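What follows is a short report on a single structure.
What you are looking at is a predicted structure, and each value in this text was computed from that prediction instead of being measured.
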Amino acid sequence: DLNTAKRNTTTIGSSASALNFAGYNPGAAKLALTESWDGTSWTEVGDLNTARYQMAGMGTNTSALSVGGDPASATYVRMKQNACKRIGMDSIAVEMPEDTTTEELLEKIQSLNSDTSCQGILLQHPVPSQIDERSCFDSICPTKDVDGVTCLGFGRISMGERAYGSATPQGIMRLLSAYEIDIEGKHAVIVGRSPILGKPMAMMMLNKNATVTICHSRTKDLPEILKKADIVVGAVGKPEFIKAKWIKDRAVVIDAGYHPGGIGDIELKPLYGVASAITPVPGGVGPMTINTLIFQAVDSAERRIEQEE
């Protein structure tokens, strides 16, 4: 049954209760989101915020810009605000009307670039069709691009230089590192080519010495390609587009999708007991995206303090 199958598969989740596989003691979990990611926990981030930023006489905030009334964006902004509140960081929601122009949005971004209390600027995707989204993304100051959406940030990440990575793929890399899942020499297949998920994911994997194949919804012979993958990342944006039968035994399965009904881009249920590790939907990649946003916003504030000292 499913419970038995789950005991044979590492569930890469966001809490100790989600870590359900053979021989693992959830009570001793050190890899839970609420306890430790790369040595930085929610508590530690909160302590850092209190001890360094408030003592330095500066508040720390992120500004989440949304244009129009997209309900998914509104939900995501609330999730980020709640997460920021947990560690003592202010998160300011900046809402602009549906008929906002590119020029108006650029002006708002520039004002936030100049705001010394703002450590991170998050522009919610998608924006209304009349707006040049790429120009607006690229107008974000690189030191405040904690969502990793600028072309400059992508280029630096691709070259192995320091920059803030796109939050979702960067969160996935932190997740793999936390579970000590080896990437070097493995064949990683990324299904999806978006500029803020699939493409940066491929570059991050390549920088860790994986052999990377990028696929998408129009790739020919996709099932045959996936059957050779040691690591599969579903980032195609279509519910259960990737079928369980396409994935080989003991593969690592990362599902970056979320759709109504609590399903992702990969048909996950039949893979328990087959895959060696799985990110559940919900509760896997999503929380790590928000965690990474906050992690990078804290880093931005810390770097600024260091420059001023």
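The stretch residues 209-221 participates, sequence neighbours left out, in these side chain to side chain donor-acceptor pair (under 3.5 Å) pairs: H187-T213. Within the structure, side chain to side chain donor-acceptor pair (under 3.5 Å) pairs that include any residue of residues 121-131 comprise K80-Q124, H125-E133 (at least two apart or interchain). Applying the salt bridge (charged side-chain N to carboxylate O under 4.0 Å, His left out) definition to pairs two or more places apart or across chains, none involves residues 190-214. Sorted by first and then second residue, the pairs that involve residues 139-157 and meet side chain to side chain donor-acceptor pair (under 3.5 Å), not counting sequence neighbours, are D145-T150.
For the side chain to side chain contact (heavy atoms under 4.5 Å, CB included) with M204, the qualifying choice from L176, V212, I183, I157 is I157, the only one to do so. Partner of D230 under the salt bridge (charged side-chain N to carboxylate O under 4.0 Å, His left out) criterion, out of K248, R250, K186: K248 alone.
Cluster note: I263 groups with no other residue, as no ILVMFWY side-chain heavy atom lies under 4.5 Å from it. The other residues sharing a hydrophobic cluster with V94 are L65, V67, I92, M96, L105, I109, L112, I121, L123, V127, I131, F137, I140, V149, I196, where clustering joins ILVMFWY side chains under 4.5 Å apart.
When atom types are taken as modelled, the side chain of S66 and the backbone of E95 share no donor-acceptor pair closer than 3.5 angstrom. Within the 3.5 Å criterion, the main-chain N or O of S158 finds no donor-acceptor partner in the side chain of E161. Not one N or O on the side chain of S177 forms a donor-acceptor pair closer than 3.5 Å with the backbone of M173.
Heavy atoms of other residues, nucleotides or ligands lying less than 6.0 angstrom from NZ of K245 number 12 at most. When the shell of 6.0 Å around CD of Q110 is examined, it contains more than 12 heavy atoms from other residues, nucleotides or ligands.
The structure places CD1 of I190 at 8.0 Å from CD1 of I172, a figure rounded to the nearest 0.5 Å. Annotation: the span from T289 atom OG1 to L175 atom CG amounts to 9.5 Å, rounded to 0.5 Å. Note that CG of N291 and CD of Q170 are 11.0 Å apart. Values are rounded to the nearest 0.5 Å. Note: F295 CZ to R174 CZ = 5.0 Å, rounded to the nearest 0.5 Å.
Contacts of P97 classified as side-chain contact (heavy atoms from CB on, under 4.5 Å), with partners at least two apart in sequence or in another chain: D99, T100. Taking the salt bridge (Lys or Arg N to Asp or Glu O under 4.0 Å) definition, one finds that K228 meets it with nothing, sequence neighbours left out. By the salt bridge (Lys or Arg N to Asp or Glu O under 4.0 Å) test, R134 is found to be paired with D138, residues two or more places apart in sequence or in another chain being considered. For N207, the side-chain contact (heavy atoms from CB on, under 4.5 Å) test picks out no residue, with sequence neighbours left out. A search for side-chain contact (heavy atoms from CB on, under 4.5 Å) contacts involving D265 returns V236, D255, H259, not counting sequence neighbours. With sequence neighbours left out, T101 forms a side-chain contact (heavy atoms from CB on, under 4.5 Å) with E103, E104.
The two atoms that bring A256 and L197 nearest to each other are CB-CD1, 4.1 Å, heavy atoms only.
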